[in-house]
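A short write-up of the structure that comes next.
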Amino acid sequence: MPTGSTADPLPTAGNDPVLILGGGLIGLAIAHELARRGRAATVLSRRRSEAAGFVAAGMLAPHAEGLDGPLLELGQRSLERIPAWVGQIESDSGLGCGLRICGIVVPFASSAERDAYPTAAHGERLERAGLEREIPGIGPTWQAGLLFPQDGQIDNRRRLMRALERACVHRGVHFEEGCEVLELVTEPEGGTDETNHPSRNAGQGREPREAISEQLTAIRLRRADGQQLSLSCREAVLCCGAWSAQLLPLLPVFPVKGQMLSLQGPIGALSRVVFGPGTYLVPREDGLLVVGATSEPEAGFDEGLTPAGQRQLQAGIDALLPAATSWPPMERWWGFRPCTPDQAPLLGEGPIEGLWLASGHHRNGVLLAAISAELVAGALLGEARNDGLLKAFHWSRFA
Ligand SMILES: Cc1cc2nc3c(=O)[nH]c(=O)nc-3n(C[C@H](O)[C@H](O)[C@H](O)COP(=O)(O)OP(=O)(O)OC[C@H]3O[C@@H](n4cnc5c(N)ncnc54)[C@H](O)[C@@H]3O)c2cc1C
């Protein structure tokens, strides 16, 4: 938890901070980037612990995930930027983030399956002997593999999130923890046509572009002590993760629940991440093996673990690395990925003047945090609005 910030009064609009709605990984990354570039930011965060940033496995895997098109390009640009981004966070916070470009292996039952993988051209082809060399003890099902040495991992759950929070505080970002944003208050730019409120346009056959005639004027919120107030505001970034559509129903963002667990393995038992179908194994430097993840869109916002979900992970461990079935279990947890219909994020200008979007990162938000911060902070500061990638991830593609 960032220290010494929640008791302070909220800043007034006169100080002109950008309001960051949601203090998860993406919100923190954007707040930090804005503050580094000299722009004041205030993070309004409902519940720190529910952020998917504390749930994720931390894989940095544009190639191992088999991404394609603009999403692959976005992921590759982020991957390139990550070492410098992590360096800034580590230097501002004084804390390590656990970044390791350790390579990721994707195993396959046959070489035909391997050769058909969308990102096969970016990886090194492995036969069974190569798989055994890269992943000692790998299960017998796997006959071929792809090694992506350029992919890696970061220890988001234990290190990156804490370091980012501290880096934000170091840069003067103000935090309002336990604060729920209840409503975006807008005003028509050229009149008072009530029917043009973007949150009322969803599913009504209107062109989303028409909705942009509203200007953000305030945020209505409830503070941790229960007090409700309206905060005038001309610029905000919507980073509420899987909950983003609750504030702006026009956005096609929905939760995809994921369950995880961890085991304590011997240090150095595994040096590469193993990205199997339905289950992956992410070895941290201290031997902790992070195992993920279920993908349950049908669960909505249902909280908690399920026996079926945990059995799926156990079956994945048995198939990928049989020896790990005897490693001591450590933790089990779950969270909600913010997904969109094309599984790619919404970045840049939103449907309301003054509202910027950084949401819908689905299963790649850790990978994409660095580039999302660069692009959205850049656009907000008037520097990156013409970046082709921002156009590719504009919300109106779902019109
Ligand atoms: C099981 C699992 C495994 C994953 N593994 C990986 C991985 O290996 N690699 C990878 O790149 N990505 C991974 N991800 C995805 C990644 O975690 C997310 O894409 C990323 O964390 C999204 O960040 P966010 O800031 O948008 O949302 P979050 O981190 O969820 O933060 C949203 C925040 O907004 C706050 N909020 C919501 N509504 C309001 C409101 N009305 N008012 C105020 N605050 C509000 C919430 O309290 C929350 O703190 C995984 C996700 C899951 C669930």
Side-chain angles (χ1 to χ4, degrees), residues 19-31 43-62 64-65 67 74-75 78-79 82 104 151-157 160-161 164-165 175-184 219-224 236-248 253 255-261 273 275 279-282 290-296 299 301 305 309 313 332-340 343-347 357-373 376:
L19 296 188
I20 307 294
L21 315 181
L25 177 56
I26 302 295
L28 292 173
I30 293 174
V43 176
L44 307 178
S45 168
R46 180 175 60 197
R47 187 145 58 96
R48 179 180 185 267
S49 59
E50 73 187 351
F54 283 110
V55 175
M59 286 182 296
L60 308 171
E65 286 263 357
L67 305 184
L74 191 73
S78 206
L79 193 60
I82 281 171
I104 301 187
D151 287 359
Q153 59 160 302
I154 191 162
D155 196 343
N156 54 295
R157 187 169 155 80
L160 171 67
M161 289 293 283
L164 245 181
E165 286 172 338
F175 279 83
E176 183 77 13
E177 184 62 39
C179 164
E180 178 160 21
V181 179
L182 302 174
E183 191 188 356
L184 309 172
I219 300 291
R220 209 164 61 74
L221 54 88
R222 180 171 44 229
R223 299 178 75 162
V237 189
L238 181 60
C239 315
C240 288
W243 300 268
S244 297
Q246 292 175 355
L247 282 175
L248 196 54
V253 179
V256 175
K257 180 175 171 179
Q259 301 184 43
M260 307 273 296
L261 61 81
V273 172
F275 186 86
T279 310
Y280 47 75
L281 311 176
V282 185
V290 175
V291 181
T294 63
S295 181
E296 306 169 59
F301 282 112
L305 303 168
L313 298 181
R332 296 173 195 272
W333 66 98
W334 74 92
F336 301 105
R337 305 175 184 90
C339 193
T340 64
Q343 307 192 4
L346 307 167
L347 298 175
L357 303 180
S359 181
H361 292 75
H362 190 220
R363 48 186 299 130
N364 288 296
V366 181
L367 166 69
L368 299 176
I371 190 72
S372 300
V376 176

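We count ligands from 1, going down the list as the structure has it; atoms in each ligand are counted the same way.
- Not close to ligand 1: Ser244, with no non-hydrogen atom less than 4.0 angstrom away.
- Among the atoms of Gly335, none of the N or O lies under 3.5 angstrom from an N or O of ligand 1.
- Where the criterion is an N or O separation shorter than 3.5 Å, residue side chain and backbone included, Leu21 fails it with respect to ligand 1.
- Of the N or O atoms in Met59, one or more lie within a sub-3.5 Å distance of an N or O in ligand 1.
- An N or O contact shorter than 3.5 Å is missing between Leu247 and ligand 1 by distance.
- Nearest to atom 28 (P) of ligand 1 by heavy-atom distance, out of Ala56, Ala52, Ala64, is Ala52.
- In summary, the atoms of ligand 1 found under 4.0 Å from a heavy atom of Asn364, numbered by their order in the structure, are 10 (C), 11 (O), 12 (N).
- Of all the heavy atoms of Leu368, none lies under 4.0 Å from any atom of ligand 1, so neither backbone nor side chain is involved.
- Between Val181 and ligand 1, at least one N/O pair is under 3.5 Å apart.
- Taking the six-membered ring where the residue is Trp, Tyr280 and Phe275 present parallel rings, their angle staying beneath 30° rather than reaching 60°.
- The minimum heavy-atom distance between Leu247 and Leu184, with the atom names listed, is O-CD1, 4.0 Å.
- Classified by interplanar angle (parallel below 30°, tilted 30° to 60°, perpendicular above 60°), the ring pair Phe336/Phe301 is perpendicular.
- Heavy atoms of Tyr280 approach ligand 1 to within less than 4.0 angstrom.
- Ligand 1 has a nitrogen or oxygen under 3.5 angstrom from a nitrogen or oxygen of Arg46.
- Heavy atoms of His362 found under 4.0 angstrom from ligand 1 belong exclusively to the backbone.
- In summary, the atoms of ligand 1 found under 4.0 Å from a heavy atom of Leu44, numbered by their order in the structure, are 43 (C), 44 (N).
- The shortest N/O to N/O separation between Gly58 and ligand 1 falls below 3.5 Å.
- Residue-level proximity to ligand 1 for Cys179 is carried by the backbone, the only part with a heavy atom below 4.0 angstrom.
- Of the protein's heavy atoms, Glu50 OE2, 2.5 Å lies nearest to atom 47 (O) of ligand 1.
- An N or O contact shorter than 3.5 Å links Ile26 to ligand 1 by distance.
- Contact annotation for Met260 and ligand 1: only side-chain heavy atoms (C-beta onward) come within less than 4.0 Å of the ligand.
- Where the criterion is an N or O separation shorter than 3.5 Å, residue side chain and backbone included, Pro338 fails it with respect to ligand 1.
- Polar contact check, Leu25 against ligand 1: a nitrogen or oxygen pair lies under 3.5 Å apart.
- At least one heavy atom of Cys239 sits closer than 4.0 Å to an atom of ligand 1.
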